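Notes follow the structure.
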Amino acid sequence: MRLNELPLECQGIIDHVAPTTPADPIARRLEEFGFVPGEPVKVVAFGPFGGDPMAVEIGFTRFALRRSEAARVIMQTAQDSTPTLKALDPALHTAPPAQTEGA
């Protein structure tokens with residue numbers, strides 16, 4: 001699945017950024033902005049006409065991307081990302097604190 005296919009308010013884990021050409025400047029810039037493997041990303045809004053641009057959130061940072069730019073971001077499949085999604089606290093963008101027995 002690609003980021004541009006992720007529904008509103010859904011979260012996924014980035015697998016990789018796929019450049020469209022060997023020297024794709026947009027793919028390189030996405031990686032520089034933090035679209036790197038293992039990072040959770042959430043779709044927070046779509047534009048009013050045709051859903052372009054779309055707003056996505058990585059950690060506490062929001063980005064507006066054209067759908068053509070978001071199509072370069074490949075998401076992990078559901079079976080690969082389930083343990084990671086459960087392990088992350090989306091509000092803090094970190095792993096939750098360990099639970100102590102008897103508390």
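Only a predicted model underlies this, so the values are computations on that prediction, with no experimental measurement involved.
With salt bridges taken as basic N to acidic carboxylate O contacts below 4.0 Å, one links Arg29 and Glu32.
Linking Ile, Leu, Val, Met, Phe, Trp and Tyr residues whenever their side-chain heavy atoms come within less than 4.5 Å places Met1 and Leu3 in a single cluster. Linking Ile, Leu, Val, Met, Phe, Trp and Tyr residues whenever their side-chain heavy atoms come within less than 4.5 Å leaves Ile14 and Val36 in two separate clusters.
Within the model, atoms OG1 of Thr20 and CD1 of Ile26 stand 7.0 Å from one another, a figure rounded to the nearest 0.5 Å. Between Gln76 atom CD and His16 atom NE2 the span is 11.0 Å, to the nearest 0.5 Å.
For the pair Met75/Asp15, no side-chain contact is recorded, criterion being any heavy-atom separation below 4.5 Å from C-beta on.
The main-chain N or O of Asp24 is never found under 3.5 Å from a side-chain atom of Arg28 such that the two would form a donor-acceptor pair.
Listed by chain and residue number, Glu69 satisfy the salt bridge (charged side-chain N to carboxylate O under 4.0 Å, His left out) test with Arg66 (two or more places apart in sequence, or in another chain). Applying the ring-ring contact (aromatic ring centres under 6.0 Å, His included) test to Phe33 and every residue at least two apart in sequence or in another chain returns Phe63.
Closest non-hydrogen pair, Ile74 versus Ala18, comes out as CG1-CB, 4.0 Å.
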Side chains of residues 41-59: which donor-acceptor partners sit under 3.5 Å, not counting sequence neighbours?
{"residue": "Lys42", "atom": "NZ", "partner": "Glu9", "partner atom": "OE1", "Å": "3.3"}
{"residue": "Asp52", "atom": "OD1", "partner": "Arg67", "partner atom": "N", "Å": "2.8"}
{"residue": "Glu57", "atom": "OE2", "partner": "Arg62", "partner atom": "NE", "Å": "2.9"}
{"residue": "Glu57", "atom": "OE2", "partner": "Arg62", "partner atom": "NH2", "Å": "3.4"}

